[in-house]
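Note that ligands are numbered from 1 as they come in the structure, with each ligand's atoms numbered from 1 the same way. Throughout, numbering of the chain's residues begins at 1 and tracks the sequence.
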Amino acid sequence: MKLRRSGVPCASRSRPSLWESYVTKNSIHPSLAGKVVLVTGGGSGIGAAHVAEFCAQGATVGFLDVAEDASRQLVEQVTAAGHKPPRFLRTDLTDVAALQAAIAAFAAEAGAVDVLVNNAAHDERHELDAITPEYFEERIAVNLRHLVFAIQAVAPGMRAKGAGVIVNTGSISWRAGFGGMPLYMAAKAGIEGLTRALARDLGPDGIRVNCILPGWVMTERQLTLWVDDAARKLIAERQCLGGYVEPADIARMATWLASDDSQMITNQTFVVDGGWI
Ligand SMILES: NC(=O)c1ccc[n+]([C@@H]2O[C@H](COP(=O)([O-])OP(=O)(O)OC[C@H]3O[C@@H](n4cnc5c(N)ncnc54)[C@H](O)[C@@H]3O)[C@@H](O)[C@H]2O)c1
């Protein structure tokens, strides 16, 4: 099967390397220089692209993750690329007290957070019959709860500045009607509701709240676990565009949403899926 990316035949262009998929063709948004940016789940996957892109914009970036090796490797790569090193704070986001402490520690070092990218989630597959009350709580903790407490932690600093940007991460999965992960999809639907609610509540303080819905993004986890020939065929059939959605495609939407270029945009959801839904 021949897939294209930006009109370039597959045969002449392979997928970008992991690092290239994080930072490619980035536009510079001058308003992001010096901004304090916090990314959850920034150690790998789409989150690593957010970290790399915001660093490339000249922002002061911190990220929270449990994956130590990947996170340290990312710090090295970003630094080697000539950018200000991002600050990695090892944090389990399902531990609300630890999350609050990490955000406070980062803000004490870097200043109050200007931009929060709520990125982390875990798309573990599960069946309805196997859900227990404990498993329900665990899936909601990793896919929805930490977004609320991260926003709660950064909101006072943003209110004091009279400005701030929150970018939440949903998923096309529930809109497209996928199956096999009902709690993940319920949490992702909830994130859109949370975005709408808090855009209204925080707007008077100059805080913008938007949501990005990624399509099927070629992260290491997706490529390792699920992207086989059948999946490539499905992507080719469902996306309007040929080629693949890469982590940097999501990060570029986030940097634009975080910049002053989108200063009157809030309460919205932006789909980056090559036209899947
Ligand atoms: N990749 C896709 O195709 C896709 C599609 C739709 C939506 N999304 C969404 O995009 C976001 C990023 O997804 P991804 O594909 O990059 O995921 P990923 O699994 O590749 O990376 C997630 C990162 O979050 C970290 N993380 C997970 N649980 C954590 C915890 N409890 N504490 C701290 N860190 C934790 C992981 O270590 C990892 O670095 C998620 O919100 C996901 O739901 C992804």
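Not one N or O of L64 is nearer than 3.5 Å to an N or O of ligand 1, by distance alone. The distance criterion of under 3.5 Å between nitrogen or oxygen atoms is met by D92 with respect to ligand 1.
Scanning the protein heavy atoms around atom 37 (O) of ligand 1, the nearest turns out to be D65 OD1, 2.6 Å. The protein heavy-atom contact nearest to atom 5 (C) of ligand 1 is G215 O, 2.9 Å. Among protein heavy atoms, the minimum distance from atom 3 (O) of ligand 1 is reached at V217 N, 2.7 Å. Looking at atom 24 (O) of ligand 1, its nearest protein heavy atom turns out to be G41 CA, 3.4 Å. Regarding atom 29 (C) of ligand 1, its nearest protein heavy-atom neighbour is V66 CG2, 4.0 Å.
Close approach to T169 involves these atoms of ligand 1, each under 4.0 Å from a residue heavy atom: 9 (C), 10 (O), 11 (C), 41 (O). Near W216, with a cut-off below 4.0 Å to any heavy atom, the atoms of ligand 1 are 3 (O). When each atom of ligand 1 is checked for a heavy atom of R221 under 4.0 Å away, the hits are 19 (O), 20 (O). Atoms of ligand 1 found under 4.0 Å from any heavy atom of Y184, numbered from 1 in the order shown, are 7 (C), 8 (N), 42 (C), 43 (O). When each atom of ligand 1 is checked for a heavy atom of Q222 under 4.0 Å away, the hits are 1 (N), 3 (O). The contact set between ligand 1 and A67, taken as ligand atoms under 4.0 Å from a residue heavy atom, comprises 37 (O).
Other residues, nucleotides and ligands contribute at most 12 non-hydrogen atoms within 6.0 Å of the NZ atom of K84.
Of all the listed residues (L225, L89, N119, N168), N119 holds the heavy atom that lies closest to atom 12 (C) of ligand 1. Comparing heavy-atom distances from atom 22 (C) of ligand 1 across A49, G45, A121 singles out A121 as nearest.
Neither the backbone nor the side chain of H122 has any atom closer than 4.0 Å to an atom of ligand 1 (non-hydrogen atoms only). If you look at T91 next to ligand 1, the close heavy atoms, those under 4.0 Å, all belong to the backbone. Under 4.0 angstrom from ligand 1, the non-hydrogen atoms of K188 all belong to its side chain. Heavy atoms of L93 found under 4.0 angstrom from ligand 1 belong to the backbone as well as the side chain.
For atom 17 (O) of ligand 1, the nearest protein heavy atom lies 4.0 Å away or farther.
Panel note: side chain D260, backbone Q263; no donor-acceptor pair is recorded below 3.5 Å.
Remark: R125 qualifies as a cation-pi partner of W226 under the 6.0 Å distance and 45° angle criteria applied to the six-membered ring.
Using 4.0 Å as the threshold, G170 has a heavy atom nearer than that to some atom of ligand 1.
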